[in-house]
Asker: 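Structure in structure tokens, see below.
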Amino acid sequence: DNKIKQKIFSFFVSCTEAWEMDFIKEVIMEEVPYLDEAKLTKAMIECCKEIAPPRPRSEFLRLLQYKLELEVILEE
């Protein structure tokens, strides 16, 4: 559990960690409940492909917000 907390607050996103992708998805779905989950998953995969590791969390979230055309600001 402590390892998870440390990763959540890291400055980078690891697309190979399923729990991290699930966590990001869960947080976004809570903030934007009307968002189509398949669209979110597709956008997350695209962000993982477009941003080379190590992926800065802030850059990942900005790109994800752009791809999803969200007005809600996704923050770290």
Asker: Among Val32, Ile24, Leu35, which residue meets the side-chain contact (heavy atoms from CB on, under 4.5 Å) test with Leu40?
Answerer: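 Among Val32, Ile24, Leu35, the one that satisfies the side-chain contact (heavy atoms from CB on, under 4.5 Å) with Leu40 is Leu35.
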Asker: Is Met29 close to Pro33 at the side-chain level, that is, under 4.5 Å between some pair of heavy atoms?
Answerer: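 They are not in side-chain contact.
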Asker: Could you report the tightest heavy-atom contact between Ile51 and Pro56, atom names first, then the distance?
Answerer: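 In this case the closest contact between Ile51 and Pro56 is CG2-CD, 4.2 Å.
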Asker: Roughly how far, to the nearest 0.5 Å, is NZ of Lys25 from CE of Met44?
Answerer: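 Rounded to the nearest 0.5 Å, the CE-NZ separation comes out at 6.0 Å.
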Asker: Of all the heavy-atom pairs spanning Val13 and Arg57, show the shortest one and how long it is.
Answerer: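 That closest heavy-atom pairing would be CG2-CA, 3.8 Å.
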Asker: Hey, is the main chain of Ser14 close enough, under 3.5 Å, to the side chain of Arg55 for a donor-acceptor pair?
Answerer: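 Absent.
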Asker: Can you check whether Phe60 reaches Cys15 side chain to side chain, under 4.5 Å on heavy atoms?
Answerer: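 Yes, close enough: below the 4.5 Å cut-off.
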Asker: Report the residues that fulfil side chain to side chain donor-acceptor pair (under 3.5 Å) with Glu46, sequence neighbours left out, ordered by chain and then residue number.
Answerer: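 For Glu46, the residues satisfying side chain to side chain donor-acceptor pair (under 3.5 Å) (neighbours in sequence not counted) are Lys42, Lys67.
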